[in-house]
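Notes follow the structure.
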Amino acid sequence: MLVIIERQPTIAFFSFQLINMKQKRTALSPEEQKLFGDLMPEELEEVLDSGLHRRHFLKLMSLATAGLLASHLIGAEQLFARAADIDDIQDLIPGAIENGVNLSFNVNSKATKVLVDSRMTLLDTLRERIGLTGSKKGCDHGQCGACTVIVDGNRVLSCLTLAATCEGKSVITIEGLAKGNELNPMQAAFLKHDGFQCGYCTPGQICSAVALMKEAKEGQASFVTKDIRAQQQGILLTDEEISERMSGNICRCGAYPNIVAAIKEAQTGKSVEQNWLFVG
C-alpha cells in the first residue's frame, strides 16, 4: 500500500477517503465528486444516490493497481531504453566555475564538448552538465557500483574518475546501450529474469555486466579463475565467476540470483532457468 501511495497519490488518497466516507456515511465533497466522475463516471450517480458499496471500492483499487503497473512499465522503459538528447548543453554563467577545462569526448557515440571544473567527477559531469541521469550517485566513495559506466570499453566508477581524464575517450552510459527501441541483450536479459527491484543500482549493474562480457571474452582472469596459466581467450562465466566479477556492484534489494542468471543467459545465448531460493 505504501508503494501505491508513492506512485499513485491521487487514487490512493481517494481510496482512503472512500473508506472513511463509508464508515462515517458522509457525502462526497465537490473535489471527490469530480475525481470519482473522472475515474468512474458510470458509478457516480449510484454512489450519490445510495452511497458507497464494496464493489465500488474494489473497482477503484483495480484502477490503482493498473496505474501502478503502467508506471512500473514506463519506469522500466525509461531506465533501460531512454536516450537523452545531449546536443543542447547549457553554458555556465561567468564566475560560476573555477579552474575551467574544456572537455571534448564521445558520450554514447556522440561527440560532446563541455566546460567543467578541473576537479569535477565524470559522474557529476554526466548528471549535472550533460543531463544523463541514468548513472546514479550512491555512496560517492566507489563502494557501491551504482555509478559504473564504460570508458573505452572498460568499466569504471565514474564517481572516482575525474572528467578531465576522459579527454578524447569514449564513454557509454546506460542511456547509450539500446539502439532506438531495441534493447541491448543484457538489458533484455535483466528484464526477463527480473534482475532489478527498486532499480537504483540497475544502470551500474548493467554497464558493469556489459563490460564483464568483454573481459571474459579477452580471457581476463578473476580471483576465482581456476587455472590462470591455461586461460588464453574466452572464460566461461560460471555462477561463481559472475558473482566474483560483479562483487563491486551492490544490490540492496538482494536480486543477485536473478542478476547472475541474466548475465549467464546473455553470454551463452541459451535460456537459463531461474532458481528460486526459499528460506526454511
Side-chain angles (χ1 to χ4, degrees), residues 74-187 190 196 198-215 218 246 248-251:
I74 292 172
E77 179 185 0
Q78 291 177 341
L79 176 65
F80 289 130
R82 180 176 61 88
D85 184 7
I86 61 176
D87 290 332
D88 186 19
I89 299 177
Q90 299 295 325
D91 292 330
L92 295 175
I93 60 175
I97 189 170
E98 297 181 3
N99 307 309
V101 174
N102 288 305
L103 177 63
S104 298
F105 60 155
N106 287 329
V107 180
N108 297 333
S109 302
K110 186 174 293 186
T112 304
K113 294 183 179 181
V114 61
L115 175 65
V116 298
D117 189 300
S118 61
R119 301 160 294 182
M120 197 172 194
T121 65
L122 176 59
L123 176 61
D124 286 338
T125 300
L126 292 171
R127 290 181 57 85
E128 306 298 336
R129 296 291 287 114
I130 302 179
L132 296 174
T133 57
S135 304
K136 302 302 186 222
K137 179 178 285 192
C139 65
D140 206 24
H141 288 79
Q143 298 175 347
C144 70
C147 68
T148 304
V149 298
I150 304 172
V151 177
D152 284 349
N154 301 310
R155 47 181 168 166
V156 303
L157 298 171
S158 59
C159 74
L160 298 184
T161 304
L162 289 176
T165 64
C166 296
E167 174 69 29
K169 296 182 179 180
S170 172
V171 177
I172 302 295
T173 69
I174 187 66
E175 293 92 344
L177 292 178
K179 297 180 179 179
N181 292 325
E182 181 181 354
L183 293 177
N184 180 281
M186 188 64 71
Q187 293 173 304
F190 264 69
F196 64 99
C198 78
Y200 192 86
C201 73
T202 308
Q205 296 274 6
I206 292 179
C207 285
S208 186
V210 170
L212 180 155
M213 302 277 282
K214 174 178 176 290
E215 296 170 4
E218 294 174 349
M246 291 293 293
N249 291 82
I250 307 302
C251 175

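What you are looking at is a predicted structure, and each value in this text was computed from that prediction instead of being measured.
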- Query: Between Leu212 and Met246, does a side-chain contact (heavy atoms from CB on, under 4.5 Å) hold up when you go through it step by step?
  - Reply: CA-CA 8 Å; Leu212 180 155; Met246 291 293 293; 3.7 Å; yes
- Task: Keeping the roles fixed (side chain from Tyr200, backbone from Lys137), state whether a donor-acceptor pair exists under 3.5 Å.
- Result: yes
- How long is the span from the CE atom in Met186 to the CD atom in Gln205, to the nearest 0.5 Å? 11.0 Å
- Minimum heavy-atom separation for Ala146 to Gly138, with atom names? CB-N, 4.5 Å
- Query: Do the side chains of Val156 and Val149 get nearer than 4.5 Å, heavy atoms only?
  - Reply: yes
- Closest approach of Leu126 to Ser135 (non-hydrogen atoms, all atoms of both residues): CD1-OG, 4.5 Å
- Classify the side-chain pair Thr148/Arg155 by whether it contains a donor and acceptor separated by less than 3.5 Å. no
- Task: Report yes or no: does Lys179 contribute a side-chain atom to a donor-acceptor pair with the main-chain N or O of Gly176 at less than 3.5 Å?
- Result: no
- Quick one: do Asn184 and Ile206 satisfy side-chain contact (heavy atoms from CB on, under 4.5 Å)? Show the steps, please. CA-CA 10 Å; Asn184 180 281; Ile206 292 179; 5.7 Å; no
- From Asp152 atom CG to Ile150 atom CD1, the distance as rounded to the nearest 0.5 Å: 11.0 Å
- Looking at Cys147 and Ser158, what are the two nearest heavy atoms and their distance? O-OG, 2.6 Å
- Item | Sub-4.5 Å side-chain heavy-atom contact between Gln187 and Ile174 | yes
- Arg129 side, atom CZ; Thr112 side, atom OG1 - distance, nearest 0.5 Å: 11.5 Å
- Task: Show your working on side-chain contact (heavy atoms from CB on, under 4.5 Å) between Thr121 and Leu160 and close with a plain yes or no.
- Result: CA-CA 7 Å; Thr121 65; Leu160 298 184; over 6 Å; no
- Message: Measuring from atom CG of Asn249 to atom OG1 of Thr202, what distance do you get when rounded to the nearest 0.5 angstrom?
- Response: 10.5 Å
- Pairwise side-chain contact, Asn154 with Lys214, heavy-atom cut-off 4.5 Å (strictly under): yes
- Spacing of Cys159 atom SG and Arg127 atom CZ [to the nearest 0.5 Å]: 12.0 Å
Only pairs under 3.5 Å count here: list side-chain donor-acceptor contacts from residues 165-173, not counting sequence neighbours, and write none if there are none.
from, atom 1, to, atom 2, distance (Å)
Thr165, OG1, Leu162, O, 2.6
Glu167, OE1, Ser104, N, 3.0
Lys169, NZ, Thr165, O, 3.3
Thr173, OG1, Asn108, OD1, 3.4
Thr173, OG1, Asn108, ND2, 3.1
Thr173, OG1, Glu175, N, 3.3
Thr173, OG1, Glu175, OE1, 2.6

- Task: State the CG-OG1 distance between Leu123 and Thr133, to the nearest 0.5 angstrom.
- Result: 10.5 Å
